[in-house]
Structures are given as structure tokens and as C-alpha cells.
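Quick caveat, the model's predicted, so the values are computed rather than measured. Chain letters run A, B, ... following the sequence lines, proteins first, then strands; residues in each count from 1.
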Amino acid sequence: MTTKKFMMVNRKAPYGTIYAWEALEVVLIAAAFEQDVSLAFLDDGVYQLKKGQQTKGIEIKGFEKTWGALEDYDVTQLYVARESLEERGLSAEDLTVPVEVLSRADIGKLMEEQDVLLSF
Amino acid sequence: MLHIINKSPYDRCAVDSALATGAGVILLIEDGVYAAVKGGAEEKKIKGALGRFKFYALIADLEARGLGDRVIDGITPVDYAGFVDLVAENKTCQSWL
Amino acid sequence: MAFELNGKTYETDEEGYLINLGDWDEDVARFLAQQEAVALTENHWEVINFLRDYYNEFQIAPAVRVLTKAIGKKLGADKGNSQYLYELFPYGPAKQACKIAGLPKPTGCV
């Protein structure tokens, strides 16, 4: 199978819309087909990785724990925009998995290197 | 008037639209609860409006987003029953969808 | 869809996967295995319990490749290979074992 470089560009907060969950499902599918998958978290997308999500009260399945499975899928390239974190009063310590914090410009360079960009 | 906001202030201008009406009660739900959180760039604007508006934020939505412990002082967390009370107490209700 | 067992009704989707994860117990697993014509042995239970633990930890049913690798890590290389897992669950370890374990169909499984 041909391997392509896929990047999911996540810009939406979790739970308010279905986008964040859909992105995660696509990541798992692409990774199951052994593609080179990376994720970029920009704008409200950084909220997806916030620690301590307790979704019982809104009766929606939470997916904070699922980020921990990405390593099993060999998905280890998680990039988070520094500007987006700072604007929201967050830092890498607030996030549930290890990530690489980069400037938006550096994430832009990584986007240029991809074969496929998927926007969520 | 009760203003209900369900959009993130970092993504949409719904909070600004509500604040521009002058004064009243604002209930933050769903992604709107991000406006209730300390430490972000929007905090100053919200704090500046606390005198004109009474702010509430839905607890279940804060907790779902891992933010139950970061609410700006002066914003009251409410549960679903509190949501119903706010709707009942106010003559009209505007949802900034 | 649904099936009845010991006087209780269990809801499933159109492919026979349990709707409510909390409904699952070992009797349900035995019933579902019977539907799949799988005779459960110790080795089957090992995989079923592994899958349930994986789901509790990560909230997803793993894809076959991931399952194989993770089982190899935990139970040894003689079990962490697709031949062994397909012998236990001929219609696909992820698909069939997940159904018997009361989990949803794995993401990416068609």
C-alpha cells in the first residue's frame, strides 16, 4: 500500500460540534491503514486536549482517554499552536498527552510538507 | 432579558453581540462556557462587563471540557435546574446561535 | 434488533453488537460466542478480557494491527500474531472478539 503523509487540522472545540470526534475517528482509520498520520491543533482545537474532561453531565461519550491510544496506532506527531494555547490561558502542562508546541508559522511549514490535509 | 450563548468567544462574536445590547443576564452553555474561563485573552472583556451583566455558566458543560475549576470570579456556575429557573425568571430570552 | 437471554432483553445494532456496554456479562459472552459458532476456551477469554480492559482504558476497540501488537506486548509473541488470533476468532479477531466482548465494532473495520 502506498503511504501518504496525512495531517488532520483540528480547529474546533470538543463536544459543541461533532468535528473533533470525527477527526479522531479518521485518525484511527488512517493509522489502521498504516498511513503517516500527524495532527495539528489550532485555534479552539487546542481545547480537545485539555486534561480533566468529565462528560457524564452532558451525557456524551468523552474522548480524552482515547488520545492515549494514539501511540499504539503509531501516531506520535501531535503539534499544538503556541499562540492558540496562550490566547486561551493554557500551556502544555494542561494537556492530556505529550505534544510538540510550535508557532503557527512552523505548523504552516509542516502543512506544506503533507500529501493530504484534512480539515476539521 | 436572558442571553444564551453557546459559541466559543475565540471562534465567534456571539459574546460581543450580547454585550452590545447593554445590560441583562447572560447564560453560557456548550462551547459558550469558554468565555467563563480564567487566564484567556477574553477574560478582561468579561470582567469589564460583570457590572452590567449577571453571568452564569452551565456546570455540566464546564466539567465536560475540563474547566470546572477555572471559572472567573463573579460568574455563577448553574446546573440544568438553574438553567430552567433563569428562563422562567426572565421575560424574554435571546439565543445567540 | 435484540435477543433474549435468561428472561432479559438485550438490544443490539443490525450487525449484532451490543448497544449498552453495561449489559455485558460472561453469560452474554457465551451466548454471543454461540451465535458466532465459537467455542470459548481459556485462550478466548484471555483475548476477550484484554479487549475489555483496553476499552476501559482508551474508550475504543482497537484495530486488528493494534490489537495484535498490544497482545504481543502483554501476553507474549506466540499470542501477539494474527495467525493465533484468527485461529481463535476465524472471522477476524477485532470484529468477532469485540462482538463477544460486548464492545462496539472497531473503528476502521469494514
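- The list of ring-ring contact (aromatic ring centres under 6.0 Å, His included) pairs with a residue in residues 81-120 of chain A, not counting sequence neighbours, is empty.
- Of the listed residues (B:Ala64, B:Ala60, B:Gly66), the one with the most heavy-atom contacts under 4.5 Å to chain A is B:Ala64.
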Taking only distance into account, so ignoring hydrogens and angles, what donor-acceptor contacts under 3.5 Å exist between chain A and chain B?
| unit_1 | atom_1 | unit_2 | atom_2 | d |
| --- | --- | --- | --- | --- |
| A:Asp44 | OD1 | B:Ser8 | OG | 3.4 |
| A:Asp44 | OD2 | B:Ser8 | OG | 2.5 |
| A:Lys50 | NZ | B:Gly66 | O | 2.9 |
| A:Gln54 | N | B:Glu63 | O | 2.8 |
| A:Gln54 | O | B:Ala64 | N | 3.1 |
| A:Gly57 | O | B:Tyr80 | OH | 3.4 |
| A:Glu87 | O | B:Ala41 | N | 2.6 |
| A:Asp94 | OD1 | B:Arg70 | NH2 | 2.5 |

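- How far CD1 of A:Ile58 is from CG of B:Leu62: 10.5 Å, rounded to the nearest 0.5 Å.
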